[in-house]
Amino acid sequence: MINRKAIVTMAIGDDYLNMWREKCQNGWQKYADKYGYDVICIDTPLDDSKRARERSPAWQKCLILGQKYIKKYERVVWIDADILINYNDAPCISSTVPVNKLGAVNAWALPTPELAQVALDRLNDYWGIAYEIRDHTPQDYYASYGLNADFNEVVQSGVLVLSQSHRHILEKVYFEYEEKNEGNNYEMRPLSYEILKSNCVYWIDHRFNLIWLVYKILYYPFLLDKTQPENRMLTKIRQKLFIMTPINWTAS
């Protein structure tokens, strides 16, 4: 039987490729076998131009739908190469996403909009002056890249459920936007902006792209690096810990 769905990632360089093979590949393959996906790990650049070499390979996820060996798939699930999959419990990620929609997690609602703000405030305290978080709202997030947007959501681009109809959105971002600095999440700000502007997003369960740092600072602050002077905030946030709802499955 020929699979019509694929899980695609990119790992450029031996360090990243070996990490993905050691930590991720087995779980990804078991999940793929369970739900009928092929697994494709791209280990060479899709664009090796001077412009491409001067910015993060993360941008090249925007080129995957144009590759000949990927065009044959009806659904393409992009997953960043540092994400683990709980193949025992996680459901099929594309099963509820309409084929004309782009499935993604709202980064400003991880795990809920209210707790996302708590996590952001705590991260600001944790990093302190050395890494001031300017993005207190989704509007700030876009504005820091120079985008004037009224969206109340941010597409977390680490996991995307795609169809071929979304190729033009991804390639528009790749060819029309530039990387500004590392703190701007590479392609994520303009990609989120263009996806939301196209009105094609379908929000999926946040557990498909669960960010460990968010959960760590919400529920397990004792795991933070205690050697950093900014950790003066640890005592403060230990006094207001939330009770964590059990998570049955997660993709990261």
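When all heavy atoms of R189 and Y145 are compared, the closest pair comes out as CD-CB, 3.8 Å. Heavy-atom minimum distance, A32 versus V39: CB-CG2, 3.5 Å. Counting all heavy atoms, side chain and backbone alike, P190 lies closest to L147 at CA-CD1, 4.0 Å. For the residue pair V214 and L110, the shortest heavy atom distance occurs at CG1-O, 3.5 Å. In this structure, Y31 and A90 approach most closely via the heavy-atom pair CE1-O, 3.6 Å.
Listed for the K71 side chain is no donor-acceptor partner under 3.5 Å among the backbone atoms of L65. Listed for the K34 side chain is a donor-acceptor partner under 3.5 Å among the backbone atoms of N88. A side-chain donor-acceptor contact under 3.5 Å links K61 to the backbone of S157. Looking only at distances, a side-chain donor or acceptor of Q60 sits under 3.5 Å from a matching main-chain atom of D47. A donor-acceptor pair under 3.5 Å links the side-chain atoms of Q67 to the main chain of L63, judged by distance alone. Formation of a donor-acceptor pair under 3.5 Å by the T9 side chain with backbone atoms of C41 is not found in this model. Under the 3.5 Å distance criterion, the side-chain polar atoms of N3 are left unmatched by any main-chain donor or acceptor of K5. Put simply, the side chain of D205 gets close to the backbone of R207: a donor and an acceptor are under 3.5 Å apart. R4 places no side-chain N or O within 3.5 Å of a backbone atom of G36 that could act as its donor or acceptor partner. S56 places a side-chain N or O within donor-acceptor distance of the main-chain N or O of A58, the cut-off being under 3.5 Å.
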Item to complete: Quick one: do I64 and L46 satisfy side chain to side chain contact (heavy atoms under 4.5 Å, CB included)? Show the steps, please.
Response: CA-CA 8 Å; I64 61 172; L46 301 177; 4.1 Å; yes

Discussion item. Run the side chain to side chain donor-acceptor pair (under 3.5 Å) test on E187 and Y174 for me, step by step, so that the C-alpha distance in whole Å, both residues' side-chain angles and the decisive distance to 0.1 Å come before the verdict.
Written reply: CA-CA 8 Å; E187 85 301 334; Y174 189 83; over 6 Å; no

Worksheet entry | CA sep, side-chain torsions, deciding dist, call: R51, E178, side chain to side chain contact (heavy atoms under 4.5 Å, CB included) | CA-CA 9 Å; R51 175 174 178 260; E178 299 300 334; 2.9 Å; yes

Discussion item. Side chain to side chain contact (heavy atoms under 4.5 Å, CB included) for Y142 and S192? Distances and angles first, verdict last.
Written reply: CA-CA 9 Å; Y142 296 109; S192 175; 2.6 Å; yes

Discussion item. For a side chain to side chain donor-acceptor pair (under 3.5 Å) check, start with the C-alpha distance between N106 and E153, then their side-chain angles and the critical distance, and finish with the verdict.
Written reply: CA-CA 6 Å; N106 179 7; E153 303 86 16; 5.3 Å; no

Item to complete: Please lay out, stage by stage, how I79 and W28 fare under the test side chain to side chain contact (heavy atoms under 4.5 Å, CB included).
Response: CA-CA 10 Å; I79 304 182; W28 287 32; 3.5 Å; yes

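Within a 6.0 Å sphere centred on CG of N100, heavy atoms belonging to other residues, nucleotides or ligands number more than 12. Atom NZ of K23 has 12 or fewer neighbouring heavy atoms from other residues, nucleotides or ligands inside a 6.0 Å radius. Other residues, nucleotides and ligands contribute more than 12 heavy atoms inside 6.0 Å of the OH atom of Y35.
Pairs engaging residues 95-114 under the ring pair (Phe, Tyr, Trp, His ring centres under 6.0 Å) rule: W108-Y141 [sequence neighbours left out]. Among pairs with a residue in residues 155-172, those fulfilling salt bridge (Lys or Arg N to Asp or Glu O under 4.0 Å) read R167-E171, K172-E176, at least two apart in sequence or across chains. Residue pairs meeting the side chain to side chain donor-acceptor pair (under 3.5 Å) criterion with at least one member in residues 90-99, sequence neighbours excluded, are Y37-S94.
Under a hydrophobic-cluster definition in which Ile, Leu, Val, Met, Phe, Trp and Tyr are linked whenever side-chain heavy atoms come within less than 4.5 Å, directly or via other members, V201 and V99 are assigned to different clusters. Both W212 and V118 belong to a single network of hydrophobic side chains, linked directly or stepwise wherever heavy atoms of I, L, V, M, F, W or Y lie under 4.5 Å apart. In terms of hydrophobic clustering, with Ile, Leu, Val, Met, Phe, Trp and Tyr side chains grouped at heavy-atom distances under 4.5 Å, V159 and M19 are assigned to different clusters. When the side chains of ILVMFWY residues are joined at heavy-atom separations under 4.5 Å, either directly or via intervening members, L120 and M188 end up in a single hydrophobic cluster.
Counting heavy atoms from C-beta outward, L170 and V173 have side chains that stay 4.5 Å or more apart. By the 4.5 Å heavy-atom criterion applied to side chains, Y193 and V155 are not counted as neighbours. Looking only at side-chain heavy atoms (C-beta outward), V76 and S163 stay at 4.5 Å or farther from each other. With contacts defined as side-chain heavy-atom distances shorter than 4.5 Å, the pair I83/W20 does not qualify. Taking 4.5 Å as the limit, some side-chain heavy atom of Q156 sits within range of a side-chain heavy atom of I211. C24 has its side chain out of reach of I85: every pair of non-hydrogen atoms, C-beta onward, lies at least 4.5 Å apart. Put simply, the side chain of R55 does not reach to within 4.5 Å of the side chain of Y186, judged on heavy atoms. Between F151 and Q139 the shortest side-chain heavy-atom distance does not fall below 4.5 Å.
Between atom CG of residue L17 and atom OG1 of residue T44 there is a gap of 10.5 Å, rounded to the nearest 0.5 Å. Atom CD1 of I217 sits about 6.0 Å away from atom CG of L213, to the nearest 0.5 Å. Going from atom NE2 of H168 over to atom CD of E194 covers 9.0 Å, rounded to the nearest 0.5 Å. Rounded to the nearest 0.5 Å, atoms CZ (R75) and CG (L162) are 8.5 Å apart. Between C62 atom SG and H166 atom NE2 the span is 13.5 Å, to the nearest 0.5 Å. Summarising the geometry, atom CG belonging to L218 is positioned 8.5 Å from atom OG1 belonging to T112; distances are rounded to the nearest 0.5 Å.
Ring geometry, Y220 versus F222: the interplanar angle exceeds 60°, so the pair is classed perpendicular (tilted spans 30 to 60°).
Side-chain contact annotation: W59 with E179, donor-acceptor N/O pair under 3.5 Å present.
Just one residue in the list I42, D38, V77 forms a side-chain contact (heavy atoms from CB on, under 4.5 Å) with V8, and that residue is I42.
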